[in-house]
Amino acid sequence: MKLLLIEDNPAMQTTLQRSFERRGITVVPCTDGTRALDRWRASVPDVVVLDLSLPGLDGLQVLTLARAEGLRTPVLILTARGTVGDRILGLNTGADDYLPKPFDLDELEARIRALARRGEPAAPSTSPSFAGLGVDGDSGAVCLNGTPMELAPREAAMLRALLARPGQAVAKERLVEAVFPGEDVQPDAIEVVAYRLRKRLAPTGVQLVTLRGLGYLLKAGA
């Protein structure tokens, strides 16, 4: 099993990583919310353990952007914020489980393994397609008729965000959050990525349409 551990406390992260690896779990550590999405996309984890209080993007922002991109890895929130309201907010944002600190390590491991079993696909896990395009639920790769497309990371991030709402306009601001998480860029920065993505999509017959004042949408070719 591969676990993405997003925790900014060095002592906590080291303790958990050593404990999990002794139990046969491979750990990919991350301490920064801004880098968490890149690690999530690249590591293809079976489960994500996510702290809420992170530098850069906080845990809820990371989770919101990940779900918007179609990353469906099971997530367990592990945090000192243990009120009922915090739990409800985390679950409504897209978390699958919630364990407040302090916690029992055996219970944490049991919950992680239960989430890993829940996340095992019973069938190919590519999302419902739009004109042959879909997002693989395991790797997060964008596929055309089941074959991964060759896309730069920002192109893939933009396309995942668009595929989350196929045929609907997605605002520039929302796309900027998905493509440049935690970065201080102007909304127009997305236009460069859109230009490159439009060229990538040309052979597929899917059009990337600009709607002035509304954003972008995907449109199936005639």
Side-chain angles (χ1 to χ4, degrees), residues 1-7 25-52 54 56-79 89-98 111-112 114-130 133-144 146-166 168 170-171 173-183 190 193 197 218:
M1 184 201 309
K2 182 182 290 186
L3 173 70
L4 175 59
L5 176 61
I6 307 173
E7 166 64 60
I25 299 173
T26 300
V27 176
V28 177
C30 184
T31 60
D32 187 292
T34 303
R35 297 184 178 87
L37 280 173
D38 290 334
R39 291 287 179 88
W40 195 334
R41 299 180 191 116
S43 64
V44 195
D46 297 298
V47 176
V48 174
V49 170
L50 176 65
D51 188 16
L52 293 185
L54 298 170
L57 299 172
D58 68 27
L60 289 179
Q61 290 174 309
V62 171
L63 183 55
T64 298
L65 292 172
R67 294 309 193 215
E69 291 185 19
L71 300 175
R72 295 189 297 277
T73 309
V75 174
L76 184 148
I77 290 179
L78 187 66
T79 181
L89 180 59
L91 294 170
N92 285 342
T93 302
D96 299 273
D97 201 356
Y98 198 113
R111 287 173 179 257
I112 288 170
L115 288 178
R117 290 192 297 270
R118 187 189 306 175
E120 291 174 354
S125 55
T126 301
S127 65
S129 64
F130 176 77
L133 292 172
V135 180
D136 185 271
D138 295 323
S139 66
V142 180
C143 300
L144 176 63
T147 301
M149 297 180 65
E150 293 185 5
L151 299 169
R154 286 175 176 168
E155 296 166 0
M158 182 173 182
L159 188 49
R160 280 192 291 265
L162 291 164
L163 284 169
R165 300 179 62 187
Q168 301 179 50
V170 182
E173 292 77 12
R174 182 169 181 176
L175 291 171
V176 167
E177 290 180 356
V179 176
F180 303 95
E183 298 182 47
I190 202 69
V193 182
L197 180 58
L218 294 176

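The CD atom of Glu69 sits 11.5 Å away from the OG1 atom of Thr64 when rounded to the nearest 0.5 Å.
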Walk me through it: do Val142 and Arg160 pass the test side chain to side chain contact (heavy atoms under 4.5 Å, CB included)?
-> CA-CA 7 Å; Val142 180; Arg160 280 192 291 265; 3.8 Å; yes
Report the C-alpha distance between Met149 and Leu133 in whole Å, list the side-chain angles of each, state the deciding distance to 0.1 Å, and finish with yes or no for side chain to side chain contact (heavy atoms under 4.5 Å, CB included).
-> CA-CA 9 Å; Met149 297 180 65; Leu133 292 172; 3.4 Å; yes
After noting the C-alpha distance and the side-chain angles of Leu3 and Val28, does the key distance pass the side chain to side chain contact (heavy atoms under 4.5 Å, CB included) rule?
-> CA-CA 6 Å; Leu3 173 70; Val28 177; over 6 Å; no
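In this structure, Thr26 has no side-chain hydrogen bond (donor to acceptor under 3.5 Å, both in side chains) partners at least two apart in sequence or on a different chain. Annotation: side-chain hydrogen bond (donor to acceptor under 3.5 Å, both in side chains) contacts of Arg111 (sequence neighbours excluded): Asp97, Glu107.
Counting only heavy atoms from C-beta outward, the side chains of Leu197 and Leu162 approach each other to under 4.5 Å. The shortest distance between side-chain heavy atoms of Ile25 and Lys2 does not fall below 4.5 Å. Using a 4.5 Å heavy-atom cutoff, the side chains of Leu54 and Asp51 are in contact. Leu76 places none of its side-chain heavy atoms less than 4.5 Å from the side chain of Tyr98. Between Ile190 and Met158, the closest side-chain pair of non-hydrogen atoms falls below 4.5 Å. Under the 4.5 Å side-chain criterion, counting only non-hydrogen atoms from C-beta, Leu52 is not in contact with Leu63. In this structure, Phe180 and Leu175 have side chains that are not in contact, with every pair of non-hydrogen atoms separated by 4.5 Å or more.
The two residues Ala178 and Leu65 have their closest heavy-atom pair at N-CD2, 4.0 Å. Of all heavy-atom pairs spanning Ile112 and Met1, the tightest one is CG2-SD, 3.6 Å. Asp96 and Thr73 get closest at one heavy-atom pair: OD2-O, 4.1 Å. Closest approach of Pro45 and Trp40 over heavy atoms only: CD-O, 3.5 Å. The two residues Arg72 and Val135 have their closest heavy-atom pair at NH2-O, 4.0 Å. Listed here is the closest heavy atom pair of Thr34 and Asp32: N-OD1, 2.6 Å.
Of the possible polar contacts, one joining the Arg67 side chain to the Gly94 backbone as a donor-acceptor pair under 3.5 Å is found. With hydrogens and angles disregarded, a donor-acceptor distance shorter than 3.5 Å links the side chain of Glu155 to the backbone of Ala152.
Contact check on Arg41 versus Asp38 returns a salt bridge, with a Lys/Arg side-chain nitrogen under 4.0 Å from an Asp/Glu carboxylate oxygen.
Among the candidates Leu4, Ile6, Asp58, the single residue satisfying the side chain to side chain contact (heavy atoms under 4.5 Å, CB included) test with Leu50 is Ile6.
Heavy-atom neighbours of Arg165 CZ from other residues, nucleotides or ligands within 6.0 Å: above the threshold of 12.
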